[in-house]
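Data first, discussion second: the structure below is written as structure tokens.
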Amino acid sequence: MVATDSEVSSWVAGLGLPGLVDLHVHFMPDSVHRKVWAFFDRASEKYGRVWPIRYRLPVADRLEVLRGLGVIAFAPLVYPHKPGMAAWLNEWVLEFAAETPEAVPTATIYPEPEVASYLDSALRAGVRTVKVHVQVGGYDPRSPLLDKAWGMIADAAVPVVVHCGHGPLRGEFTGLDVFSEVLARHPGLVAVLAHAGMPEISGALDLVSRYPGVYLDTTMVGVPFSSPLPADWVPRLVDVADRIVLGTDFPNIPYEYAVQLSAIEGWAAADDRLGSGFLRAVLHDTPARLLRLGQGNS
Ligand SMILES: [Zn+2]
């Protein structure tokens, strides 16, 4: 069993993996990250519980933590909370990825007239994933201003990590019922439902079954901090074992990184049909395939 961060890299090696691929990590410009952390500091007002950030460290130290854990590749996700911010975040994260060997280039979008133009630049620059945060952005993912962008992302077959669930806070346009309308209009999207759609996990599994391009990330799923999983979570994983990818929300988590891995290890151990094959798929093979690792650029 993997219980603490110091045990992670040897546990990963013991699975026969070259390392971990984490599809859901956050690095942002310092000014933005300070605001995000200040928000979590007020978590008891906002979420009704304290949320002590476990890895509130300078960038270089955060990268050292990831390397020490054996994270060989990760997607640094950025997201805007207002108009006029996404293009700047995209430029920042491209630069960050260029100077950070383990980071793949990513991008984000916002419903605004310029979105098709800056998304086109980002796709041409070779971004490996796009992040959409419906709750923080406070926008409707069905907005006509985004329709072309969804089509471009689908055509490029670039995975889009979508935080569209009601957790931890309900937003005006959160919920799988809203996002499933985007999927119905763009059924070819490769969409990774962040946090497995929490709290609508059963509905998220239904979307995985319905659309061949829908995946779930494990971010904060099944950890003691989060709400309990549906009773049939593990048996349902058997049918979608190649559609689950490691995500963690590092560094903004209120517990050690190993806690997430321990939860995933628990699912694998709970059903013989999962086991170490499932772990290798979730922790490395499937996210590596989605991020096109080993295909140049990163
Ligand atoms: Zn996140």
Side-chain angles (χ1 to χ4, degrees), residues 20-29 32-41 43 46-47 49 51-57 59 62 65-66 69 71 73-81 85-86 89-90 92-93 96-97 103-110 127-139 141 159-171 173-174 176 179 191-201 204 215-223 225-227 244-257 259-261 263-264 282 287 290-291:
L20 298 167
V21 177
D22 190 335
L23 197 96
H24 190 146
V25 163
H26 294 291
F27 280 86
M28 301 172 181
V32 179
H33 224 141
R34 270 197 299 274
K35 283 183 193 149
V36 170
W37 284 344
F39 182 85
F40 283 111
D41 288 342
K46 304 277 181 191
Y47 299 152
R49 65 197 310 184
W51 193 305
I53 303 285
R54 180 69 184 77
Y55 301 98
R56 189 189 301 235
L57 301 166
V59 173
R62 269 180 265 151
V65 170
L66 289 174
L69 291 163
V71 176
F74 65 87
L77 303 179
V78 293
Y79 49 84
H81 62 275
M85 192 179 176
L89 287 171
N90 289 352
W92 181 88
V93 76
F96 173 79
V104 301
T106 75
T108 191
I109 57 174
Y110 192 89
V127 298
R128 303 301 181 91
T129 188
V130 176
K131 167 74 171 185
V132 167
H133 205 312
V134 172
Q135 184 248 314
V136 169
Y139 57 78
V160 54
V161 179
V162 187
H163 183 133
C164 59
H166 293 308
L169 277 187
R170 189 176 280 264
F173 302 106
T174 56
L176 295 184
F179 188 67
V192 180
L193 303 180
H195 311 283
M198 279 202 287
E200 300 178 276
I201 292 179
Y215 292 72
L216 306 182
D217 87 26
T218 65
T219 308
M220 301 194 80
V221 177
V223 299
F225 187 80
S226 298
S227 43
I244 311 293
V245 296
L246 174 65
T248 60
D249 253 346
F250 177 92
N252 301 337
I253 37 179
Y255 46 76
E256 278 201 10
Y257 193 95
V259 171
Q260 184 71 66
L261 300 176
I264 300 168
V282 174
L290 287 183
L291 296 176

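Indexing begins at 1, ligand by ligand and atom by atom, following the structure's order.
- His26 lies close to the Zn ion (ligand 1), since one of its N, O or S atoms is found at a distance under 2.8 Å.
- Residues Tyr55 and Tyr255 keep their aromatic ring centres 6.0 Å or farther apart.
- The Zn ion (ligand 1) does not have His133 among its coordinating residues (no N/O/S atom, backbone or side chain, under 2.8 Å).
- The N, O or S atom of Asp249 lying closest to the Zn ion (ligand 1) is OD1.
- In this pair, His26 and His24 present their aromatic rings perpendicular. The plane angle is above 60°, beyond the 30 to 60° band.
- If you look at Phe27 and Phe74, their ring centroids are closer than 6.0 Å.
- Relative ring orientation between Tyr139 and Tyr110 is described as perpendicular, the plane-to-plane angle rising above 60° on a 0-90° scale split at 30° and 60°.
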